[in-house]
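Everything on this sheet refers to the single structure shown next.
All heavy atoms count here, side chains included; hydrogens, waters and symmetry mates do not. Along the sequence shown, the residues carry numbers beginning at 1.
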Amino acid sequence: MQRIEQHASFGGRQEVWNHFAGSLGCDMRVGVYMPPQALRGEPCPVLYWLSGLTCTEQNFLTKSGVQEHAARHGIVVVVPDTSPRDPDGKLGVADDEADDLGQGAGFYVDATEPPWARHYRMQAYVAEELPAWVEAHFPATAARAISGHSMGGHGALVTALRHPGRYRSVSAFSPIVAPTQVPWGRKAFQAYLGPDVQAWKAWDAVELVAAARERLALLVDVGDADPFLAGQLRPELLRAACDAVSHPLRLRLHPGYDHSYYFVATLLGEHMEHHARALR
């Protein structure tokens, strides 16, 4: 592992690390914000943030203002890249010319289909390898929360629902809640998981809620001016699924807000409060 960036921020330190990820078969870049408490050697709880289509670890680090909130609550924030990468083209990591498939669009699933299965095991990385790496190398406790935006909101919800007991809280901004029913998800799942639509359901938050063994409360915020609201996000499907099984959901629709990080930054403080209460 190699630290490739460090910046003082709100009494803590924003770092970016490069490390080899065995589950992906390539190096990965990960943002790690160390709050002042962690710099003093105090073990801190961890929030994992999953970003959306076309993003790297940098989008959330530079646009959200998370460092101020994390410093106040004493939370380590870990931000991985959104997919395996192959900048030199030497590893044979599959890619696609479109921005909704391939590098930058891992969808946080474990691919089963060639050529994707060799490297695109983002769920194994995010849920298993990354926390083990963080807890081994940083002053981090096993108290975990998870959140994300858009494709990353899908990833956060699915990861929490697939791993009961592993996270103390979960939230999402503008998530793709039913990828098996919308164009973004169908395209990615067809490529990564193959033609068996039944197999796709294991990666769909709406489907997972119906059989969830843990009633972990879901906090979801969406803007009513989001251009993807009706065609790709479909939050009403999550509401219906949660209502059907009495799964706790706080779903809020915000007038005038869109899909951008302006929206994320506006409400991130409330999400950090939500996670801080659970992590304490």
Side-chain angles (χ1 to χ4, degrees), residues 1-19 28-82 126 130-131 133-153 155-156 159-160 167-175 219-221 223 254 257-280:
M1 54 187 285
Q2 178 187 12
R3 186 168 58 193
I4 55 178
E5 285 186 34
Q6 59 177 333
H7 311 280
S9 182
F10 292 97
R13 188 166 64 231
Q14 179 63 63
E15 303 176 342
V16 178
W17 290 82
N18 189 84
H19 79 116
M28 286 291 282
R29 287 166 59 110
V30 185
V32 180
Y33 178 70
M34 301 274 284
Q37 298 88 334
L39 293 185
R40 295 195 295 265
E42 301 173 20
C44 296
V46 183
L47 171 71
Y48 293 86
W49 173 271
L50 307 182
S51 297
L53 288 167
T54 75
C55 290
T56 69
E57 82 288 343
Q58 291 293 326
N59 296 73
F60 184 67
L61 301 183
T62 59
K63 295 179 180 180
S64 71
V66 68
Q67 294 83 2
E68 181 177 8
H69 305 297
R72 184 169 65 254
H73 294 297
I75 297 173
V76 172
V77 178
V78 175
V79 187
D81 200 349
T82 51
V126 165
L130 182 61
W133 177 76
V134 168
E135 290 162 24
H137 295 288
F138 299 91
T141 71
R144 310 178 193 102
I146 191 165
S147 185
H149 171 243
S150 193
M151 177 186 71
T159 303
Y167 301 94
R168 296 192 182 181
S169 56
V170 59
S171 72
F173 293 85
S174 315
L219 171 61
V220 176
D221 282 304
H254 298 269
Y257 284 92
D258 57 20
H259 200 72
S260 70
Y261 265 90
Y262 295 109
F263 175 50
V264 173
T266 298
L267 292 169
L268 184 61
E270 294 183 33
H271 282 239
M272 293 296 287
E273 291 277 0
H274 165 77
H275 294 297
R277 287 194 297 270
L279 292 168
R280 281 196 291 268

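Environment of OH in Tyr261: crowded, with over 12 heavy atoms of neighbouring residues, nucleotides or ligands closer than 6.0 Å.
The shortest side-chain heavy-atom distance between Arg3 and His19 does not fall under the 4.5 Å cut-off. The shortest distance between side-chain heavy atoms of Ser174 and Asp221 does not fall below 4.5 Å. Using a 4.5 Å cut-off on side-chain heavy atoms (C-beta onward), Ile75 and His69 make no contact. Counting heavy atoms from C-beta outward, Gln14 and Gln6 have side chains that stay 4.5 Å or more apart. The shortest side-chain heavy-atom distance between Met34 and Phe138 falls under the 4.5 Å cut-off. Using a 4.5 Å heavy-atom cutoff, the side chains of Thr82 and Leu50 are not in contact. In this structure the side chain of Tyr48 never reaches within 4.5 angstrom of the side chain of Ser147, judged on heavy atoms. Annotation: side chain of Arg29 is not in contact with side chain of Thr56 (no heavy-atom distance under 4.5 Å).
The nearest pair of heavy atoms linking Pro45 to Gly74 is CD-O, 3.5 Å. Across all non-hydrogen atoms, the minimal contact from Ala140 to Val134 is CB-CG1, 3.9 Å. In this structure, Val46 and Val78 approach most closely via the heavy-atom pair CG1-CG2, 3.6 Å. Smallest separation of non-hydrogen atoms from Val264 and Phe60: CG1-CE1, 4.5 Å.
Separation of atoms CG (Leu47) and OG (Ser169) is listed at 7.5 Å; rounding is to 0.5 Å. How far NE2 of His275 is from CH2 of Trp49: 8.0 Å, rounded to the nearest 0.5 Å. Atom SG of Cys44 sits about 9.0 Å away from atom CG of Leu39, to the nearest 0.5 Å. Note that NE2 of His271 is 12.0 Å distant from OG of Ser64, once rounded to the nearest 0.5 Å. Interatomic distance, CD1 of Ile146 versus OG1 of Thr159, reported as 4.5 Å (0.5 Å rounding). For the atom pair Arg277 CZ and His73 NE2, the distance stands at 9.0 Å (nearest 0.5 Å).
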- Take Glu5 and His7, measure what side chain to side chain donor-acceptor pair (under 3.5 Å) needs, and give me the verdict at the end. CA-CA 7 Å; Glu5 285 186 34; His7 311 280; 3.0 Å; yes
- Task: Show the numbers, then the answer: is there a side chain to side chain donor-acceptor pair (under 3.5 Å) between Ser171 and His274?
- Result: CA-CA 8 Å; Ser171 72; His274 165 77; 5.5 Å; no
- Task: Please assess Val32 against Val76 for the test side chain to side chain contact (heavy atoms under 4.5 Å, CB included), listing each intermediate value before the final yes or no.
- Result: CA-CA 7 Å; Val32 180; Val76 172; 4.0 Å; yes
- Item | Leu130 vs Val30, side chain to side chain contact (heavy atoms under 4.5 Å, CB included): CA-CA, chis, key distance, verdict | CA-CA 9 Å; Leu130 182 61; Val30 185; 4.2 Å; yes
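In terms of modelled atom types and a separation under 3.5 Å, the side chain of Gln67 and the main chain of Leu61 share a donor-acceptor contact. Remark: the backbone N or O of Leu279 is paired with a side-chain donor or acceptor of Arg168 at under 3.5 angstrom. Although no hydrogens or angles enter the test, the distance criterion places no donor-acceptor pair under 3.5 Å between the side chain of Ser150 and the main chain of Gly152. With hydrogens and angles ignored, the 3.5 Å screen pairs a side-chain donor or acceptor of Tyr33 with a backbone N or O of Ser9.
Between Tyr257 and His254, the two ring planes are perpendicular [angle over 60°; tilted spans 30° to 60°].
Salt bridge Glu135/Arg144: present, at least one basic N to carboxylate O contact under 4.0 Å.
Taking the six-membered ring for Trp and the full ring otherwise, His149 and His259 have centroids separated by under 6.0 Å.
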